[in-house]
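As structure tokens, the structure follows; a few thoughts come after it.
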Amino acid sequence: MKRMKTFLIYALCIIGFFIFSEIMININLESTYQNIGRKDRISQVNIYQAQATKINGRIKGHIYNDLNNKIESNYVRIDLYSSNNNLLGSKYIDVSNMRENETRQLELYFKVQDVEYYEVKFTDEKEDIGSFEELFRDLTDSELRWGLFLTFLMIW
């Protein structure tokens with residue numbers, strides 16, 4: 001009975017450590033993102049999250065193609081700028097096949113250093129000014145858990 005009690009205490013300690021680590025990792029990762037500014041007034045593109053760290057960032061929003069503000073161009077161009085107004089890179093999103101009254105999700109992950117603000121424009125053709133490496137997604141919860149588990153095994 002005493003061994004079972006000891007085993008239960010160890011199991012609760014491991015579960016408590018896991019929960020504490022998960023909470024601290026999420027708090028730390030989310031606290032490094034800072035909001036970045038926008039320098040345009042395009043009503044067809046609604047951005048609800050634009051954040052960047054020192055080395056990467058994310059922009060999320062919606063693109064609307066309604067009857068009042070129809071999109072006439074082929075691409076939405078998102079330019080990223082530093083605090084010195086230097087163009088760091090551009091990303092193009094194809095909107096040539098959007099129908100009227102259609103809404104499309106905009107989700108962009110990028111790996112550019114020191115982004116201060118961004119600007120959204122419409123253009124008909126792609127220009128090769130400067131592209132940046134795109135991160136496809138953030139880590140999922142299961143990937144974070146596996147990383148935590150493997151780290152715990154290496155330390156233990």
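For the single chain, residues carry numbers from 1 onward in sequence order.
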May I ask you to test the [X]-[Y] pair for a side-chain heavy-atom distance under 4.5 Å?
X: Val115; Y: Lys54; value: no
X: Lys60; Y: Tyr48; value: yes
X: Tyr64; Y: Glu102; value: no
X: Phe122; Y: Ile42; value: yes
X: Asp124; Y: Tyr75; value: no

In Val95, Val120, Ile47, the residue satisfying side chain to side chain contact (heavy atoms under 4.5 Å, CB included) with Leu106 is Ile47

Find the distance between [atom1] ([X]) and [atom2] ([Y]) and round it off to the nearest 0.5 Å.
X: Tyr92; Y: Glu125; atom1: OH; atom2: CD; answer: 8.5 Å
X: Gln113; Y: Asn56; atom1: CD; atom2: CG; answer: 10.0 Å
X: Ser90; Y: Leu80; atom1: OG; atom2: CG; answer: 7.0 Å
X: Tyr117; Y: Ser82; atom1: OH; atom2: OG; answer: 7.5 Å
X: Leu88; Y: Asp79; atom1: CG; atom2: CG; answer: 10.0 Å
X: His62; Y: Asn65; atom1: NE2; atom2: CG; answer: 15.0 Å

Salt bridge (charged side-chain N to carboxylate O under 4.0 Å, His left out) partners for Lys70, two or more places apart: Glu100

Across all chains, not counting sequence neighbours, the salt bridge (charged side-chain N to carboxylate O under 4.0 Å, His left out) partners of Glu72 are none

Which other residues belong to the hydrophobic cluster containing [X], where Ile, Leu, Val, Met, Phe, Trp and Tyr are joined when side-chain heavy atoms lie under 4.5 Å apart, directly or via other members?
X: Ile9; result: none
X: Met1; result: none
X: Ile155; result: none

Kindly say whether [Y] contributes a backbone atom to a donor-acceptor pair with the side chain of [X] at under 3.5 angstrom?
X: Asp94; Y: Ser96; answer: yes
X: Thr53; Y: Ile55; answer: yes
X: Glu22; Y: Ile19; answer: no

Under the side-chain contact (heavy atoms from CB on, under 4.5 Å) rule, what do Tyr118 and Arg38 come out as? Steps first, then yes or no, please. CA-CA 5 Å; Tyr118 66 98; Arg38 182 173 176 177; 3.4 Å; yes

Taken in chain and number order and not counting sequence neighbours, the residues that satisfy side-chain contact (heavy atoms from CB on, under 4.5 Å) with Glu119 are Asp40, Tyr81, Lys121

Within 45° of the six-membered ring axis of Tyr33 and under 6.0 Å from that ring's centre, is NZ or CZ of Arg58 located there? yes

side-chain contact (heavy atoms from CB on, under 4.5 Å) between Phe18 and Arg145: does it pass, once the steps are laid out? CA-CA 9 Å; Phe18 175 76; Arg145 286 187 186 106; 3.5 Å; yes

Please assess Met98 against Arg104 for the test side-chain contact (heavy atoms from CB on, under 4.5 Å), listing each intermediate value before the final yes or no. CA-CA 8 Å; Met98 281 186 73; Arg104 185 178 291 177; 3.2 Å; yes

I'd like to know whether Ile63 forms a side-chain contact (heavy atoms from CB on, under 4.5 Å) with Ile71, so could you lay out the CA-CA distance, the side-chain angles of the two residues, the decisive distance to 0.1 Å, and finally the verdict. CA-CA 10 Å; Ile63 302 172; Ile71 297 174; 3.7 Å; yes

For atom CZ of Phe149, decide whether the heavy atoms of other residues, nucleotides or ligands shown that lie under 6.0 angstrom number more than 12. no

Would Leu153 end up clustered with Trp146 when hydrophobic side chains under 4.5 Å apart are linked, directly or stepwise? yes

